[in-house]
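All chains are named by letter (A, B, ...) in the order of the sequence lines, taking the proteins before the strands, and each is independently numbered beginning at 1. These values consider heavy atoms only, across backbone and side chains, with no hydrogens, waters or symmetry-generated copies.
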Amino acid sequence: MTAEVQPGPQPVTLTVDGRAVAVEPGTLVWDACEKAGVFVPVYCAHRKMEPVAVCRMCLVEIGTMPKLQPACATVVQEGMEVRTQTDRVRRFREGNMEFLLVNHPLDCPVCDRGGECDLQDFAQRYGPPRSRVPITGKVHFDKARALSDKITLDQERCILCWRCVRYCDEITGDRSIVLQERAVHTVIDTFEGRPLTGEFQGNLPEVCPVGALTHTAYRFRARPWDLQRTVSICPGCSYGCTLGVDSRDDEVVRFVSQDNPEVDDSWLCDRGRYSFPELNRSDRIRAAELRLEGPLRQVPALEATAAAARALALVVEQSGPGAVAVLGTPAMTNEEAFALQWLARGVIGTPHLDHQLAEWPGLDPVEFRLAVADLERCDTVLVLGERPELATPVLSLRLYKAERKRGREVRRVAADPDPAELARTVRDRQLVGVVAHEGDRDAALRVAAALAPVNREVRRLTLTEGMNGRGCKDLGLLPDLGPGYVAAPAAGMGGRAILGAAAAGRLRALVVVGPNPELEADPAFEAACQRVALLVGVTTVPGVLSRHAHALIPGRTAVEKAGTVTSSEGRVQPVRVALQPRFGTPPPELRLLVEIGRELGGRWTGEPRATPTFAAIEAALPAYRGTRGGLRAAWPQWERPA
Amino acid sequence: MIAVVGWGAVVGGLQPLVAAIGSAGGVNVPLTFLIALVKGVLILFVLLTTAAYLVLAERKVSARIQLRLGPNRVGPAGLLQPAADAVKLIFKEASAPEGRDRFLFELAPALAAAMALFAFATIPINQTICIGGHGGAGPLSQTCPGGLALHWDLAHLNIGLLFILAITSVGVYSIFLGGWASNSKYALLGALRSSAQLISYEMAVSFAVIGPVLLAGSLDLEKVVHAQHSLWFVFLQPLAFLLYLTAGLAETNRLPFDLPEAEGELGAGYHTEMAGMRFGMYFVGEYINMVTVAAIATTLFLGGWMAPVFFLPNWLGPIWFFAKVGLLIFIMLWVRWTYPRLRYDRLMQLGWKVLLPLGLANIAVTAVFVALR
Amino acid sequence: MFRELIGGLRITMRNMLSKPVTIQYPEEQRPVPPRARGRHILHRYDNGLEKCIGCELCAGACPVGCIYVLAAANDPAHPVSPGERYAARYEINLVRCIYCGYCAEACPTEAITLGPRLDLADYKRERLVATKEDLLESWPGFRPTAAAPGRPDPAPRSELAAPSPTAPVARSATDTA
């Protein structure tokens with residue numbers, strides 16, 4: 001077995017259990033073994049962290065070295081002979097497993113990790129058939145202690161692999177978990193026993209190889225074999241972290257991280273990870289309600305779309321298309337945004353279209369030229385204010401990685417810094433990254449303009465709000481721009497202006513696709529809802545919209561529908577159906593919007609499903625071509641100098 | 001149900017009429033009429049009840065033969081099962097096929113029940129008793145000058161046996177018409193089989209009963225019984241008895257001769273399409289026919305009402321009579337749950353090639369015997 | 001031919017005179033073999049705590065997937081079972097179950113066993129999904145814990161409470177009503 005020879009440094013060749021393998025210099029034996037297709041058990045080693053070689057599980061025989069060596073911490077050398085299946089290794093692993101299990105409690109039946117636990121698996125595969133330590137002789141520690149409202153610690157189950165300690169040290173940098181005491185009394189705990197804080201606690205149970213650190217929210221909720229895992233995109237923000245949706249009995253019981261080195265680097269923030277209860281809301285809207293044509297009645301969803309379309313047609317006929325405004329939400333998928341854009345501009349014919357309240361004229365794809373992964377390549381990263389990291393928390397981990405592992409300069413400056421001042425200190429860099437929230441895009445533009453002449457290249461990353469704020473902008477859910485940031489034939493009112501006009505009685509009908517937390521929280525929205533003659537609402541969450549809508553049409557939650565979303569950096573990633581539709585699940589919003597449009601006489605070719613709709617998007621928006629599998633859209637504007 | 005009540009009334013009215021005609025020499029026609037009416041109602045009640053309980057008896061006997069217990073949940077030892085069955089049949093939806101002959105479809109089941117009831121009219125269950133008058137009724141005397149002769153049959157006919165044969169032949173029509181009127185393949189096939197079978201075995205029955213008639217020298221059933229005063233005809237005519245029993249089973253469509261019903265092949269044969277009380281009337285008719293066959297066999301071969309052993313009192317006539325009928329019915333049940341159904345060609349073979357020649361031979365031998373006596 | 005006919009009649013008559021094999025089912029029942037695998041029983045410890053800890057190993061071992069367990073954390077003040085975890089919902093679809101006994105084999109606390117009760121007919125399909133209340137050993141003075149989350153308190157069905165496996169099998173007729 002030979003690996004392909006990469007350009008650059010001369011590859012190192014070695015043999016693992018007799019199989020030859022060529023790897024880059026500096027590779028660890030553990031990685032070389034994996035490349036050779038040989039499994040080496042580990043507890044303490046972690047791909048994203050530095051080796052410490054404390055668990056001793058990965059010890060292998062190397063060449064003529066007299067003692068076994070840790071595969072996770074030994075660097076390959078030319079001609080190395082690695083043996084992982086010898087009797088010596090086997091005997092050692094058995095002894096090591098026995099040691100690890102000396103004080104490990106017999107908790108497996110009540111442990112949340114049971115069924116997906118490395119300790120269980122390796123004890124089965126490498127452990128001794130029985131323990132020589134009597135069960136009464138075990139050392140006991142604290143059980144089920146809450147480290148915070150999110151994490152529960154069971155010190156007895158800990159095998160002291162230090163992964164959590166290193167996570168807090170290397171990944172988040174908050175050093176909140178430490179090792180305490182000595183010898184057999186060694187335990188992990190928070191520093192000085194303070195409650196655990198931080199936005200990334202949810203990753204601790206995932207780095208823990210056993211059941212010592214567990215999610216309180218997932219505590220005793222399910223067994224691994226109960227769960228159906230669907231890989232999808234986190235609905236928490238527009239960073240676009242890949243996650244596994246684990247569901248049981250038509251309920252999401254947890255989100256687990258999936259490694260996407262380009263985006264999340266296998267970490268999730270707590271806000272996204274623990275947002276799943278919102279998807280299980282028992283009061284989510286399932287039935288369509290009509291307050292048109294008589295008293296409130298519950299109807300099938302497709303009957304409500306027809307009634308809504310009839311009412312809309314009447315408004316257009318009486319007051320013209322300009323009396324109708326359409327509001328989307330940054331939570332909708334690209335396909336839905338495309339359909340809504342078609343419905344507003346193509347079918348109804350109104351220019352009043354937006355997906356959020358604030359309005360930023362002159363949007364340009366250049367503002368998200370900088371990829372998230374490229375933050376590690378920037379010589380200097382300027383972060384404008386706190387809003388970027390509040391909007392997309394996982395960004396913090398990437399910045400810390402750039403700083404700590406890559407040695408880059410990360411400067412957190414004011415939200416609206418003095419560009420000239422910055423240009424004096426940040427100069428002669430190969431690549432400067434400017435990270436800003438979309439609300440600070442003007443400041444970011446000024447900073448970039450000031451830095452561009454004194455640095456080789458300046459790239460901007462603008463972080464949007466909502467799961468798909470970027471996609472909504474790309475696809476023209478904007479008052480002034482159509483799909484692809486080209487000027488719309490007629491500029492209409494933006495979100496805030498629409499609400500004002502509606503409340504003032506200048507708009508007669510409002511079509512709102514939710515759930516849109518920004519709208520729901522705004523008092524102007526309720527005023528607008530009360531004033532308009534016709535309010536068509538598509539949403540899943542009860543609130544202002546569902547209370548006032550004359551035609552309330554239920555939609556699907558983020559884990560019930562398929563489609564694509566675009567992250568802040570312009571990466572188009574697929575959202576998959578995690579909870580299969582069952583009796584009573586409303587039709588997807590895409591279909592509802594298309595049905596309304598067709599009822600109004602619009603032409604929609606193809607089926608109203610995600611795949612053909614994405615094909616239509618690709619046709620309308622060349623930048624999106626072939627991006628569906630998780631690639632960044634290739635904007636022609638990027639080729640111009642910033 | 002309405003049909004049964006209606007036909008019950010018709011029969012109840014007809015029987016006294018027949019009785020009145022039968023006792024032509026009677027002096028007091030209204031009184032005779034009244035007595036006949038009482039007897040008619042009594043027979044109707046007794047026979048219908050008997051038929052219902054025969055169903056229970058059949059199920060019990062079959063259960064015991066199969067090492068089971070049989071119905072035992074409704075009432076003590078299951079004694080109220082017939083009532084439950086009757087209620088169920090009455091309230092069951094009487095579905096009827098499209099394209100049936102509406103009139104005959106209603107008529108046929110009623111005919112089945114009615115003819116079965118009718119046939120019992122001339123069977124004496126005790127000797128004639130003379131009330132008042134003088135001289136009393138002798139063993140062979142059937143008249144009671146000056147007094148009232150109380151006959152223990154409904155219609156005292158001197159051609160009683162012939163009457164029975166005639167009426168049971170009419171019963172064939174109920175089966176055939178029922179099968180034909182149903183407009184159903186199964187029913188029609190059942191009916192055709194039934195007709196062929198009944199015609200074949202009618203001959204055997206007729207030939208079998210001629211033996212005792214020759215010996216007694218009369219078609220009057222009471223006289224036939226009196227003729228067995230010294231020796232029951234079963235001992236003189238064992239072959240005729242066997243022939244009669246065999247043919248009787250065939251006449252009543254019972255196993256091993258139940259080809260008209262043949263559940264395995266024809267659904268339920270001629271009454272496949274009959275539901276509710278229509279089916280119920282066929283069912284009642286079948287079981288009353290069993291009683292009739294057993295009663296005729298008792299009368300012709302087992303000495304009718306006479307005590308089985310000479311030292312037992314003869315005045316318990318009806319009890320002896322019913323005991324013998326019961327025994328014969330039990331034998332019929334026993335046979336049914338022992339033997340499998342015959343193949344159709346074997347059935348015909350048995351009827352025409354075995355029973356008929358044997359019956360003829362029996363008549364010839366008996367005739368010679370009587371002539372030489 | 002007559003010999004055979006008479007022979008047949010003799011056999012049926014002999015049958016008629018012998019004792020029927022029928023068992024008057026609800027009133028009298030066959031003795032159940034000691035290791036028969038009938039309806040499941042969830043056991044308790046001598047102090048009344050449930051042995052089941054809601055670990056779902058029975059559900060994992062079940063070859064037909066007829067066991068549903070939803071665990072919850074014990075309230076230390078009023079524990080349902082010893083330890084941290086107990087089964088808030090425990091349901092067995094008795095119609096789907098094949099009574100193989102793997103659940104009892106898998107159980108780490110010997111909480112579930114297959115009992116002697118074999119008569120499981122019911123008039124309602126839903127009632128053939130046995131809930132924890134149905135399966136749990138009865139316990140004098142037992143105070144049922146709060147209903148499982150998301151589920152109304154089930155109506156008491158005391159007549160279905162299973163006897164202990166060593167109890168005599170004869171039961172009154174009302175038991176099966």
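- The pair Lys92(B)-Asp85(B) fails the salt-bridge criterion, with no side-chain N (NZ, NE, NH1 or NH2) lying under 4.0 Å from an Asp/Glu carboxylate O.
- The distance from the CG atom of Leu70(C) to the OH atom of Tyr68(C) is 4.5 Å, given to the nearest 0.5 Å.
- Ranked by heavy-atom pairs shorter than 4.5 Å toward chain B, the options Arg14(C), Lys19(C), Met13(C) are led by Met13(C).
- Side chains of Tyr45(C) and Glu50(C): a donor-acceptor N/O pair is absent below 3.5 angstrom, by distance only.
- Proximity to chain B is absent for every atom of Ile11(C), based on heavy atoms less than 4.5 angstrom apart.
- Of the two parts of Trp337(B), only the backbone, made up of N, CA, C and O, holds a non-hydrogen atom closer than 4.5 Å to a non-hydrogen atom of chain C.
- When ring centroids are compared, Phe301(B) and Phe241(B) come within the 6.0 Å threshold.
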